[in-house]
Number of protein chains: 2
Amino acid sequence: MKVLVVDDDRVLADLLAFTLRREGFEVILAFDGAAAIQKWQAESPDVILLDLNLPKVDGFAVCQRVRAAEDTPIIILTVRDEEEDIVQGLDLGADDYIQKPFSPRQLVARILAVLRRAGKTPTPIVPKVGQFTLDRSRRLLQIDSGTVISLTPLETRLMSQFMIHAGQILATESIIDHVWGVQGADRDMVRQLVRRLRRKLEPDPANPIYIETVSGHGYGMVRPDSQQP
Amino acid sequence: MKVLVVDDDRVLADLLAFTLRREGFEVILAFDGAAAIQKWQAESPDVILLDLNLPKVDGFAVCQRVRAAEDTPIIILTVRDEEEDIVQGLDLGADDYIQKPFSPRQLVARILAVLRRAGKTPTPIVPKVGQFTLDRSRRLLQIDSGTVISLTPLETRLMSQFMIHAGQILATESIIDHVWGVQGADRDMVRQLVRRLRRKLEPDPANPIYIETVSGHGYGMVRPDSQQP
DNA sequence: CAGCCTTGTCACAAGGCTGTCACACGCTTT
DNA sequence: AAAGCGTGTGACAGCCTTGTGACAAGGCTG
């Protein structure tokens with residue numbers, strides 16, 4: 001599920017990106033209207049988060065431009081006291097709006113609601129990959145439809161990332177971005193986290209079969225069907 | 001649940017309509033006092049959102065007219081620095097007021113609060129889930145068609161939320177919104193409320209089997225069929 | 001007016017989560 | 001062979017969250 005985030009406030013855009021990636025969305029960023037349209041054409045996102053105050057091409061124009069060609073759902077980002085902008089945006093075909101400041105939870109709920117309304121897959125966010133089933137709200141991981149283990153918040157985010165990108169190797173920096181976000185972390189912390197996750201889910205943590213290490217680069221979860229060479 | 005929105009500012013009225021429809025309300029619009037009274041008679045809304053500055057017949061008159069005949073709840077919309085209007089409106093029988101600008105959350109919370117006070121059940125009736133039968137008006141909870149315990153108002157609302165969303169984890173903020181509404185609350189209060197509810201309905205409150213905790217996130221009621229592995 | 005119920009507030013203990021440090025091991029480089 | 005780097009491992013301490021008990025304020029009832 002791909003989300004295009006358009007906002008000239010880079011700090012906020014980064015925060016949005018982190019929040020959404022954590023929830024399993026793929027995120028593309030654009031910082032002005034021109035870039036937004038370009039990325040929209042190039043990437044065909046499933047939904048657009050659009051700030052209306054943009055340099056170069058403003059949000060309304062982006063809205064119109066998108067609506068003229070496709071019905072990609074659009075959610076407007078606004079500050080309070082911009083009722084007219086909201087209504088104008090909705091008139092131009094935006095599907096929903098959300099006022100800053102908002103909680104990550106609200107944001108995700110809105111996006112899911114819009115996607116559902118647009119008929120784009122009710123979004124079964126990463127529940128099952130290979131032998132793993134992750135219940136993010138309860139932070140429970142089920143292995144092989146048998147054992148159920150409980151994870152900590154950080155472990156849940158890491159596992160979620162591994163499952164979303166199963167079969168790929170995630171660079172340490174990427175893991176830091178996706179798990180810790182703005183707060184940041186260092187390599188030691190990643191090592192510890194991977195270690196703790198391995199201890200919980202690997203049959204033999206000394207010889208891991210699920211989470212592999214690529215020295216000097218990062219970690220990754222092996223895809224179940226990529227087991228047989 | 002039907003809401004009559006009366007405001008001569010069409011932009012704001014449209015926004016209100018969109019917001020309320022998004023939350024599941026049925027919305028009727030009127031842009032002046034005369035239309036308001038006409039629609040009120042024709043549609044019998046469950047609650048009225050009323051701007052006081054109106055053409056033709058002003059808001060106070062609408063307020064009086066409605067109150068003379070029925071006790072349809074009325075919420076006044078004002079801008080800041082109109083304290084006299086608020087007082088006058090409340091004197092004329094309005095049930096609550098809300099100042100622009102306001103967040104959708106506040107608006108919905110206030111409407112639900114007013115409806116609840118007026119005895120119109122804003123939420124669907126959920127008498128029976130699993131082993132629990134809840135009588136919201138009497139605030140009685142029956143367990144396993146055996147024991148009957150009485151709950152306080154807050155406990156009733158919390159239990160209602162748990163039953164409506166049985167099997168899901170409710171975030172603390174979500175619990176606050178649905179149980180306390182406009183007034184709001186903090187984590188301590190949620191903890192206490194959950195504790196008191198547990199003490200009443202859990203066989204062993206120290207090891208709860210009905211209400212589960214997800215640290216750092218919230219609480220949830222286990223679904224009856226999710227008991228057997 | 002007294003008393004009970006309800007609810008908000010506070011303090012405290014226990015436990016889990018997470019960051020930090022030290023050390024061992026294997027590999028590569030010098 | 002020695003040194004350096006990256007990684008796995010274990011232990012430990014601080015912080016945060018939760019559960020718990022107690023108490024006070026406020027409202028309602030008799």
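Throughout, a chain's letter reflects where its sequence line sits, starting with A, and its residues are numbered from 1. Predicted, not measured: the structure shown is a model, and the values here were computed from it.
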Check your understanding: Is any side-chain heavy atom of A:Phe102 closer than 4.5 Å to a side-chain heavy atom of A:Leu77?
Key -> yes
**Study point:** Phosphate-side-chain proximity, A:Tyr219 and D:dG6, N/O vs OP1/OP2 below 4.0 Å
**Key:** no
Point to revise | Under 4.0 angstrom between A:Thr152 side-chain N/O and C:dG16 OP1 or OP2 | key: no
Review point. A:Trp180 side chain N/O closer than 4.0 Å to the phosphate oxygens (OP1, OP2) of C:dG19?
Key: yes
Check your understanding: Does a nitrogen or oxygen in the side chain of B:Arg195 sit under 4.0 Å from OP1 or OP2 of D:dG21?
Key -> yes
**Study point:** Shortest side-chain distance from B:Asp188, nucleotide among C:dT18, D:dG19, C:dC10
**Key:** C:dC10
Practice item. Taking only Lys NZ, Arg NE, NH1 and NH2, and the carboxylate oxygens of Asp or Glu, determine whether A:Asp95 and A:Arg117 approach each other closer than 4.0 Å. Key: no
Exercise for review: Indicate the ring-plane relationship of B:Tyr210 and B:Phe132, choosing parallel, tilted or perpendicular according to the 30° and 60° boundaries.
Suggested key: perpendicular
Check your understanding: With both distances kept under 3.5 Å, what pairs with D:dG19, Watson-Crick or G-U wobble?
Key -> C:dC12
Revision key, fill the gap. By nearest-nucleotide position on DNA chain C, the 5'-leaning member of B:Ser150 and A:Arg139 is B:Ser150
Check your understanding: Which listed nucleotide (D:dG21, C:dG19, D:dG19) is nearest to the side chain of A:Met189?
Key -> C:dG19
Practice item. Can you check whether any acceptor in the base of D:dG8 is under 3.5 Å from a donor in the side chain of A:Arg191, or vice versa? Key: yes
**Study point:** Sidechain N-carboxylate O distance under 4.0 Å for B:Glu155, B:Arg196
**Key:** no
Review point. With sugar-phosphate meaning primed atoms plus P, OP1 and OP2, does B:Leu193 contact a base, only sugar-phosphate, or nothing at under 4.0 Å between heavy atoms?
Key: nothing
Check your understanding: Under 3.5 Å, is there an N or O donor on one side and an acceptor on the other linking the side chain of B:Gln192 and the base of D:dG19?
Key -> no
Revision key, fill the gap. Comparing B:Arg196 with A:Gly216, nearest DNA chain D nucleotide closer to 5' gives the residue A:Gly216
Review point. Taking the nucleotide of DNA chain D with the closest heavy atom to each, which residue, B:Ala206 or A:His217, is nearer the 5' end?
Key: A:His217
